[in-house]
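First comes the structure, then the notes that go with it.
Throughout, protein chains are lettered first and strands after them, A, B, ... in sequence-line order, and every chain is numbered starting at 1.
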Protein chains: 2
Amino acid sequence: MDEREFLESYDPSEFPPVAVTVDVVALTIRDGALHVLLVERGGPPFAGWQALPGGFVLDETLDAAALRELAEETGLRPGEGALGRVHLEQLRSYGDPGRDARMRVVSVAYLAFAPSLPDPQAGSDARAAAWVPVAGAGELAFDHATILADGLDRARSKLEYTPLATTFVGPEFTIAELRHVYAAVWGEDLHAGNFHRKVLSVPGFVESTGETTTRGGERGGPKARLYRAGDARLLHPALLRPAREENVR
Amino acid sequence: MDEREFLESYDPSEFPPVAVTVDVVALTIRDGALHVLLVERGGPPFAGWQALPGGFVLDETLDAAALRELAEETGLRPGEGALGRVHLEQLRSYGDPGRDARMRVVSVAYLAFAPSLPDPQAGSDARAAAWVPVAGAGELAFDHATILADGLDRARSKLEYTPLATTFVGPEFTIAELRHVYAAVWGEDLHAGNFHRKVLSVPGFVESTGETTTRGGERGGPKARLYRAGDARLLHPALLRPAREENVR
DNA sequence: TTAATAGTGTCTTTCAGACAATATTAT
DNA sequence: ATAATATTGTCTGAAAGACACTATTAA
């Protein structure tokens, strides 16, 4: 087996042709609702369908390919401005035979958490890309609905154990803004008072800037204190969602 | 971009040749210590080095490829006997350019939890495969040390939130056997009394068989009650490791 | 003034962990 | 008998969640 591997390595055309792509589940919060970045496919298969942004992996790491695709679709430059604060992590890979009718395609999916970004500019490389409310996303091309669902699961879970909710907001934020992130991702409202005390009690989750907002809420209320992300990488103790019966089975 | 994708799809040789493989981090408990299945490489590169079992993905799902490789290396048949109780899940993918000097290789790594399996038979397809104590594993070929480390991290974490510790033991087991699984994977002893009460308090983790062991421990002690895995898919509340300061940073 | 919101206080219940105690069994 | 182990009991402190309360601000 090893010898065969070795010999085959000298003639790549011996392999069944496999393409490796990256697909990105990029999430952000807009108007209090969770949005995902989708592109409209120009050509077959699934022409005109919505799909996750993605493309072939070039001579680069998988992480770099994902970041490049995200930058291309948003029209932003990697590592610059708002894109510099994007959290990007590998989700999982999808490689069922037949998931792309043209040929065997193994896709490495990535999950991105972004603060509110400008609308993608229909430009050079950018196809018709847009932030779409997750709740209103229709059918997706290929197996992208599955990938999106897996990404949402991962995102919901990550908010429990990590401080990544802060990557959805600006560099300075209020506790209420953070709570709205949790509410949008988890799809359920959280008790303001308990959430407030909980966030401040977790070491390294947030740290105070000493400043407050310049004015209260739109419909009244006191000025809120501002915080920035702390140095914690994991939340101890975690912010657990209420246990649902579906999980136990 | 989409047009180029479409056109390229008709001429696979246009792609830079990429090979897709699966590598399996198969873990089991032997003599109270965590072991990983390793093979000795026969040919270059890394001839004579130890490596994770793996190979090319054929016309099959990624999961099927991982199960096939595991079956080949252990000499067991997939879905049969002990292999039928193996837990197999995708870990993550590794695709840095240069991780294999011969060509671009993207590897989809899998994590397997197995009850104690017989020693692999050096047979037809099986190379020199063996269960090696994780603590005593030396350097590994390619980036397999990284993959193993990621697999161990995942395994340690999975024991916290899922009942997968039961996949390391037989269909019937004592609470003490389960505790030894946790001790071996986490690398720390657990308080017997507290662990016992905790396991029984989590709904669906284990269920009693009504039987007991036929004799006590080797060095004395009462007979222990026997349990089988329950129907829980997640542990609520979870069995958390003590929080370590390294996590917060 | 009114309504909304930020932030704090309090109480109950659950749970983790330390520790003790008892019963059972191999040697 | 002795030592080891299974199992249960008790206590303390941390933490989650329900709820109430005060202070502040926009309209």
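Using a 4.0 Å cut-off between charged side-chain N and carboxylate O, B/R241 and B/E160 make a salt bridge. Under 4.0 Å is where a charged nitrogen must lie from a carboxylate oxygen, and between B/K158 and B/D153 no such pair does.
Remark: nothing in residues 161-175 of chain A comes within less than 4.0 Å of DNA chain C through any heavy atom.
Listed for the B/R156 side chain is no donor-acceptor partner under 3.5 Å among the backbone atoms of B/Y182.
Within the structure, every side-chain polar atom (N or O) of B/R215 is placed at least 4.0 Å from both OP1 and OP2 of C/dT25. The phosphate of D/dA6 has neither OP1 nor OP2 within less than 4.0 Å of any side-chain N or O from B/H196. For C/dG7, one of the phosphate oxygens OP1 or OP2 lies less than 4.0 angstrom from a side-chain nitrogen or oxygen of A/R225. Residue A/R179 places none of its side-chain N or O atoms closer than 4.0 Å to OP1 or OP2 of C/dT5.
Take the nearest nucleotide of DNA chain D for B/A176 and for A/G221: the residue whose nucleotide is more 5' is B/A176. Positionally, the nearest nucleotide of DNA chain C for B/A238 lies more toward the 5' end than for the other of B/G216 and B/A238.
Nearest nucleotide to the side chain of A/P237, out of C/dA4, C/dT8, D/dA15: D/dA15.
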Would you tabulate the pairs of protein nitrogen or oxygen atoms and nucleotide nitrogen or oxygen atoms of nucleotides 19-23 of chain C closer than 3.5 angstrom?
{"residue": "C/dC19", "atom": "N4", "partner": "B/N194", "partner atom": "OD1", "Å": "3.4"}

